[in-house]
Amino acid sequence: MKRSKIFTKNMNFFMAMLIVIILSVLGITLAITIASSKNIGIKTTAAPIDVIITYDNSVNGSSVVSVNNLLPINDSMVTGVNVADSRVLKVKFAVAGVSSNPKNSIYDIALRDLVVDCQLKTEEVKWRLYKNGSLLSSGNLSPTFDTMENNRLVLTEIQQDLTTTKDEYVFLLWISENCIGDISSCLNNIDQSVYLNRTFTGNIKVELSSKTKKKLERPTSAAIDPTTCS
């Protein structure tokens, strides 16, 4: 009887820990490739625009794959460009133009050719983009933030100047832990097992342009229920 009471009293904790164990065994597969650039809105009278894209071999190569490592993490632990936690997908790369480019050359950083399971299209899957060590933009994968039309998610809120000076970027992606503090007090919100065995793939591309800068207007829609995908 005494053992039964102990188990009943701590049932919330045991169930929460079971979810954590399951997540650690069956995680998410993510793959990001730093792909070639894409020309968008370049005037026909302008000279060709070229960009040099490099990556930091000490952090990643041209492709980054995370298998079963993307477990929920407290947002406060996603500490910026120097984060080294395996629960955070991190991609570091650099962008620079060439001297022959038109003076008004600009660009966006975007995720293209996205294949994202609907269960991951939620506010709990978050991203940040840093430029030269400073936070440039942030968001999540919910359609309430961006519907990702044509399998494309623009990361820059406004176009960046393309010069011969190298700009360093760090892209982070993670699942935000939705229970902070006493784990037994938030059992109803902790079940993130809906993310099990899900997949996210895409290409990071530099979208080149010679038009005037224009602030991004994101298409949005209603939130998706990750349990029904509707």
Side-chain angles (χ1 to χ4, degrees), residues 30-65 80-83 88-116 125-173 200-221:
L30 293 103
I32 295 290
T33 300
I34 305 171
S36 58
S37 61
K38 184 177 181 65
N39 294 336
I40 294 181
I42 295 179
K43 297 177 183 177
T44 56
T45 56
I49 300 178
D50 197 9
V51 63
I52 301 171
I53 303 172
T54 56
Y55 46 86
D56 189 334
N57 284 314
S58 66
V59 179
N60 58 262
S62 59
S63 297
V64 181
V65 178
V81 295
N82 295 320
V83 65
V88 180
L89 182 76
K90 179 178 179 179
V91 185
K92 188 174 182 179
F93 60 100
V95 173
V98 299
S99 58
S100 60
N101 284 344
K103 291 183 179 179
N104 63 339
S105 298
I106 54 178
Y107 66 95
D108 273 309
I109 303 292
L111 289 175
R112 299 186 66 94
D113 310 315
L114 286 170
V115 178
V116 183
V125 182
K126 299 180 179 181
W127 60 266
R128 292 180 193 160
L129 182 68
Y130 292 84
K131 179 181 180 181
N132 298 327
S134 298
L135 181 63
L136 183 65
S137 56
S138 61
N140 57 67
L141 299 189
S142 171
T144 60
F145 176 78
D146 194 310
T147 58
M148 296 185 282
E149 290 183 352
N150 300 315
N151 302 316
R152 172 176 175 260
L153 175 63
V154 180
L155 303 179
T156 41
E157 297 292 339
I158 193 168
Q159 292 85 10
Q160 306 297 299
D161 293 316
L162 181 62
T163 69
T164 55
T165 301
K166 183 170 67 175
D167 290 317
E168 293 187 344
Y169 286 92
V170 174
F171 172 72
L172 305 179
L173 182 73
F200 174 104
T201 63
N203 297 318
I204 292 179
K205 287 200 173 186
V206 178
E207 299 180 341
L208 305 173
S209 178
S210 61
K211 289 184 175 181
T212 303
K213 290 182 181 181
K214 184 178 180 181
K215 187 175 181 181
L216 178 66
E217 294 183 5
R218 296 185 180 278
T220 60
S221 64

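From a predicted model like this one, the values you see are computed outputs, not experimental measurements. We're numbering straight along the sequence, starting at 1.
- By the 4.5 Å heavy-atom criterion applied to side chains, T220 and P143 are not counted as neighbours.
- Screening residues 135-144 for salt bridge (Lys or Arg N to Asp or Glu O under 4.0 Å), with sequence neighbours left out, gives no hits.
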* To do: Would you check, one step at a time, whether the test side-chain contact (heavy atoms from CB on, under 4.5 Å) holds for V115 with F200?
  => CA-CA 6 Å; V115 178; F200 174 104; over 6 Å; no
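- Contact detail for S99 and T164: the closest heavy-atom pair is N-CG2, 3.7 Å.
- Taking OG1 of T147 as the start and CG of L141 as the end, the distance is 12.0 Å to the nearest 0.5 Å.
- When all heavy atoms are compared, the tightest approach of L162 to G97 is CD1-N, 3.5 Å.
- A side-chain donor-acceptor contact under 3.5 Å links D108 and T156.
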* To do: Before giving the answer on side-chain contact (heavy atoms from CB on, under 4.5 Å), spell out for I52 and T54 the whole-Å C-alpha distance, their side-chain angles and the decisive distance to 0.1 Å.
  => CA-CA 7 Å; I52 301 171; T54 56; 4.1 Å; yes
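- Using modelled atom types, one side-chain atom of K90 and one backbone atom of V81 make a donor-acceptor pair closer than 3.5 Å.
- The side-chain heavy atoms of Y107 and V95, taken from C-beta on, include a pair separated by under 4.5 Å.
- Under the side-chain hydrogen bond (donor to acceptor under 3.5 Å, both in side chains) criterion, T144 pairs with E123, S142, sequence neighbours left out.
- Between K103 atom NZ and N101 atom CG the span is 13.0 Å, to the nearest 0.5 Å.
- Within the 4.5 Å cutoff, side-chain heavy atoms of V88 are placed close to those of V83.
- Residues V170 and L172 have side chains in contact (heavy-atom distance under 4.5 Å, counting atoms from C-beta outward).
- Taking the six-membered ring for Trp and thresholds of 30 and 60 degrees, W127 and F145 have ring planes more than 60 degrees apart, a perpendicular arrangement.
- I32 places a side-chain heavy atom less than 4.5 Å from the side chain of L111.
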* Asked: Is there a side-chain contact (heavy atoms from CB on, under 4.5 Å) between L114 and T201 once you walk through the steps?
  -> CA-CA 6 Å; L114 286 170; T201 63; over 6 Å; no
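- The shortest distance between side-chain heavy atoms of E168 and K166 falls below 4.5 Å.
- One finds the CG atom of N151 at 9.5 Å from the CZ atom of R112 (value rounded to the nearest 0.5 Å).
- Between the side chain of N203 and the backbone N or O of D113, no donor-acceptor pair lies under 3.5 Å.
- Between the side chains of K214 and Q159, no donor-acceptor pair is found at a separation under 3.5 Å.
- With hydrogens and angles ignored, the 3.5 Å screen pairs no side-chain donor or acceptor of K215 with any backbone N or O of E157.
- Looking only at distances, no side-chain donor or acceptor of E207 sits under 3.5 Å from a matching main-chain atom of K205.
- In this structure, the side chains of V91 and Y169 stay at 4.5 Å or more apart for every pair of heavy atoms.
- For D161 and K213, the salt-bridge test passes: some basic side-chain N is under 4.0 Å from an acidic carboxylate O.
- Using modelled atom types, no side-chain atom of D50 and backbone atom of V98 make a donor-acceptor pair closer than 3.5 Å.
- In this structure, OG on S137 lies 12.0 Å from CD1 on I158, to the nearest 0.5 angstrom.
- Once rounded to the nearest 0.5 Å, the distance linking OG of S209 with CD of Q160 reads 13.0 Å.
- For the atom pair CZ (F93) and CG (N60), the distance works out to 9.5 Å, reported to the nearest 0.5 Å.
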* Carefully, step by step, assess V206 and I53 under the rule side-chain contact (heavy atoms from CB on, under 4.5 Å). => CA-CA 8 Å; V206 178; I53 303 172; 3.6 Å; yes
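- Note on residues 134-150: pairs passing salt bridge (Lys or Arg N to Asp or Glu O under 4.0 Å), not counting sequence neighbours, are D146-R218.
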